[in-house]
Enquirer: 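Please read through the structure below; I'll follow up with questions.
All values below were derived from every heavy atom in this structure, side-chain atoms included, with hydrogens, water molecules and symmetry-related copies excluded. Proteins come first, then strands; the chains are lettered A, B, ... in the order of their sequence lines, and each starts at number 1.
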Amino acid sequence: MAPRHQAPRGTRDLLPADTRLWRWAEARALQVLERYGFGELRSPMFEEYELFARTAGESSDVVQKEMYRFQDLGERDLALRPEFTAGVMRAYLEHGLGGRARVHRLWSMGPVFRYGRPQKGRYRQFSQINAELVGSAAPGADVEVISLFVDLYEAWGFRDLTVLINSVGQPASRRAYGERLRELLAPFAERLSEDSRRRLEQNPLRVLDTKSEGDLAVLAELRESGAGLPRMIDLLDTDDRAHWDQVLAGLEAAGVAVEIDHGLVRGLDYYTRTAFEVHDRSLGAQSALGGGGRYDGLIEMLGGPPTPGVGFAIGLDRALLVLEERGTAPPLADTVCVVAMDSTRAAAQALVRRLRREFPVEADVEARAFGAQMKAAGKSGARLLVIVGEDEWKQGVVALKDSRTGTQQSVAVDRLADTLRGLLSGQETQGGA
RNA sequence: GUGGCUGUAGCUCAGUUGGCAGAGCAUCGGGUUGUGGUCCCGAGGGUCGCGGGUUCGAGCCCCGUCAGCCACCCCA
């Protein structure tokens, strides 16, 4: 066939077989978000390029090589959103939400875009669920958000997820920590991998995240040595340290299990204090399912009043990849298939339309032979078959057959809806709950 | 952005040293024009990802390109 066009690199189509699971997952997530009192904020899929460049940090990978940047016909410098937070905060300021209430709980869902080399679980257009709790610096806000984060995964059937958590402090203490690392690692530069030598220059904290055996050996050696290898939380100021302790205590009180990861670093510049992530091994190299943290300086960076915030992003594509591998599938509603004959086709059409006010009904549209319709009904998996036979129709009845048992009964046409209702009751709630 | 592997029917995949493009599943038709899923018979469906080169001859060899995948970078 060789189609003339194919979906652009890193994008994909979700067919009905896929979207069924997506809609289920989205519906479940929405319920959890509502229970936590979050309201939906929809912001544009593109914003001024400058908004993302400023908030993410000029040196971040997102800005340097992953942004879909373009000029529109009015020569505006724009970019498709690579994440939600910047746009949500822009909207927060633009509409003066800070003046209407002190704390806002906002969620968003939709596509985000990053230009990178695609592979499984990594797409150039992908979907995120984003949540932000804006206006509170209290440790309880962090606990609330992390708790929501975990509950969303649990609503999808994830169990025993390990949330990795760390504190990245304030930008100033982070810089100081970076300097310290740089000093300590400088003597070992020869032995570090090329990547880590580059990280040492650009973002020393990332060296701690290395996957190279050699690098890990160097780090272990350093840790054993007299100088030791300081941890980020050792360099936190008093307030940050107190916040960290209270977040951990709060999570324990709430029954949210976390694992401290001193090497955890988040990619964007605006993070402060709490940072957290969740991974799933089955995804291979693209194991990050979601992550978030606190960003107390962000709103000021955008020209607003000092406003603390904490939030996260969940990658839907990756989460659903895991669910698919596990064979998670929302139940299909039982359907009714109406089978007609040449002489009853017109009557059946009206019947089908009437039944569809209430039930999922399949019916042949190709005026196929009775036998072919029965065959199709069998393959479709319809639970109930309504057979509109010529003789029965004249008597005002149809044959109702249960495809599971093969048993068949005669039902008066004006009693059909009631009968179906009795047999199919409770179906509607199955898909969504 | 770096390195590597792979593209054959809707899907999963065979295809010999270069010699007429195949199977299973799926689809459609018939056996069965008033009772399906099983079974039997049959049919349709391919510019072998795309473009170029080598050759009497290319699915197979060479170059390019597009796409997917794997590992990095980074992240969701």
Side-chain angles (χ1 to χ4, degrees), chain A residues 1-12 15 17 56 59-66 81-85 109 111-130 149 193-196 198-199 202-203 206 209-212 264-268 277-280 283-292 312-322 337 339-344 364 366-393 398-408:
Chain A
M1 35 123 244
R4 205 184 306 271
H5 298 290
Q6 54 193 127
R9 185 164 206 209
T11 69
R12 58 193 185 139
L15 305 181
S59 68
S60 66
D61 272 45
V62 171
V63 173
Q64 290 207 328
K65 57 179 199 189
E66 292 179 353
R81 63 184 177 207
E83 51 122 11
F84 276 96
T85 307
M109 178 159 56
V112 292
F113 306 84
R114 283 182 214 174
Y115 187 90
R117 196 137 143 186
Q119 73 195 68
K120 190 172 187 174
R122 158 174 298 173
Y123 308 101
R124 289 180 174 178
Q125 174 180 329
F126 58 104
S127 280
Q128 288 188 336
I129 293 178
N130 189 263
F149 183 69
S193 65
E194 199 179 315
D195 279 332
S196 282
R198 184 178 48 72
R199 291 193 190 104
Q202 296 177 354
N203 190 350
R206 284 238 168 266
D209 237 357
T210 187
K211 289 169 189 164
S212 146
L264 176 60
V265 181
R266 299 244 78 213
L268 306 178
E277 285 179 5
V278 147
H279 294 258
D280 186 293
L283 288 169
Q286 271 61 52
S287 65
L289 280 180
F312 60 76
I314 286 175
L316 271 168
D317 305 74
R318 288 182 185 176
L320 294 210
L321 231 38
V322 174
C337 188
V339 175
M341 321 217 155
D342 289 338
S343 58
T344 59
D364 175 65
E366 295 176 280
R368 292 195 293 170
F370 179 82
Q373 289 183 56
M374 285 303 287
K375 213 172 244 186
K379 281 177 190 150
S380 79
R383 172 158 165 226
L384 296 167
L385 274 56
V386 172
I387 299 162
V388 188
E390 186 174 354
D391 298 338
E392 292 94 324
W393 187 256
V398 295
L400 179 59
K401 185 165 181 175
D402 186 316
S403 64
R404 296 199 283 219
T405 61
T407 56
Q408 190 166 315

Enquirer: Grab the CD-P distance between Q373(A) and rC28(B) for me, whole Å please.
Expert: 13 Å
Enquirer: Please report the interatomic distance CD(Q286(A)) to OH(Y123(A)), rounded to the nearest 0.5 Å.
Expert: 9.5 Å
Enquirer: Using a 3.5 Å distance criterion without hydrogens, assess whether the side chain of R318(A) forms a donor-acceptor pair with backbone atoms of L289(A).
Expert: no
Enquirer: When you check every protein heavy atom under 4.0 Å of nucleotides 29-45 of chain B, what one-letter string (B, S, -) results, 5' to 3'?
Expert: S-B--BBBB--------
Enquirer: If the condition is side chain to side chain donor-acceptor pair (under 3.5 Å), which residues does R199(A) pass it with, not counting sequence neighbours?
Expert: S196(A)
Enquirer: Looking at residues at least two apart in the chain, or sitting in another chain, which of them share a side chain to side chain contact (heavy atoms under 4.5 Å, CB included) with V265(A)?
Expert: L205(A), R206(A)
Enquirer: Taking only residues two or more places apart in sequence, or in another chain, which ones meet Q408(A) in a side chain to side chain donor-acceptor pair (under 3.5 Å)?
Expert: none
Enquirer: Could you tell me how far rC25(B) sits from rU65(B) if I compare only their P atoms? Round to whole Å.
Expert: 41 Å
Enquirer: What integer number of Å spans the C1' atoms of rG22(B) and rG45(B)?
Expert: 14 Å
Enquirer: Counting Watson-Crick and G-U wobble pairs with both distances under 3.5 Å, what is the dot-bracket string for RNA chain B, 5' to 3', using [ ] for crossing pairs and | for pairs to another strand?
Expert: (((((((..((((.....[..)))).(((((.......))))).....(((((..]....))))))))))))....
Enquirer: Expressed as a whole number of Å, how far does the C1' atom of rG36(B) sit from that of rG44(B)?
Expert: 23 Å
Enquirer: Tell me, please, which residues at least two apart from T344(A) pass side chain to side chain donor-acceptor pair (under 3.5 Å).
Expert: none
Enquirer: What integer number of Å spans the C1' atoms of rG59(B) and rG3(B)?
Expert: 28 Å
Enquirer: Report the residue from I314(A), T85(A), V112(A) that forms a side chain to side chain contact (heavy atoms under 4.5 Å, CB included) with N130(A).
Expert: T85(A)
Enquirer: Remember a base hit wins even if backbone is also touched, and classify G292(A) as base, sugar-phosphate or nothing at under 4.0 Å, heavy atoms.
Expert: nothing
Enquirer: Are any protein N/O atoms closer than 3.5 Å to N/O atoms in nucleotides 64-66 of chain B? If there are, list each pair with its distance.
Expert:
unit_1, atom_1, unit_2, atom_2, d
rC66(B), O2', Q6(A), OE1, 3.3

Enquirer: Please state the P separation for the pair rG31(B) and rC20(B) - nearest whole angstrom.
Expert: 38 Å
Enquirer: Treat primed atoms plus P, OP1 and OP2 as sugar-phosphate and everything else as base, then score nucleotides 71-76 of chain B 5' to 3': B for base contact with protein heavy atoms under 4.0 Å, S for sugar-phosphate contact only, - for none.
Expert: BBBBBB
Enquirer: Using the P atom on both, measure rC11(B) against rC74(B) and round to a whole Å.
Expert: 36 Å
Enquirer: When the P atoms of rG51(B) and rA9(B) are compared, how many Å lie between them, rounded to an integer?
Expert: 16 Å
Enquirer: Quick check for you: to the nearest 0.5 Å, what is the distance between L400(A) atom CG and L385(A) atom CG?
Expert: 8.5 Å
Enquirer: With D61(A), which residues qualify under side chain to side chain contact (heavy atoms under 4.5 Å, CB included), at least two apart?
Expert: K65(A), E66(A)
Enquirer: According to salt bridge (charged side-chain N to carboxylate O under 4.0 Å, His left out), who are the partners of D195(A), at least two apart in sequence or on a separate chain?
Expert: R198(A)
Enquirer: Only one of R124(A), R12(A), R122(A) passes salt bridge (Lys or Arg N to Asp or Glu O under 4.0 Å) with D317(A); say which it is.
Expert: R12(A)
Enquirer: Work out how far the C1' atom of rG18(B) is from that of rC61(B), and round it to whole angstrom.
Expert: 8 Å
Enquirer: Apply side chain to side chain donor-acceptor pair (under 3.5 Å) to R368(A) and list each qualifying residue two or more places apart in sequence or on a separate chain.
Expert: D364(A)
Enquirer: Under a 3.5 Å distance rule, please check whether S403(A) uses its side chain to pair with a backbone N or O of A382(A) as donor and acceptor.
Expert: yes
Enquirer: Suppose the criterion is salt bridge (charged side-chain N to carboxylate O under 4.0 Å, His left out): which pairs have a residue in residues 111-121 of chain A, not counting sequence neighbours?
Expert: K120(A)-E325(A)
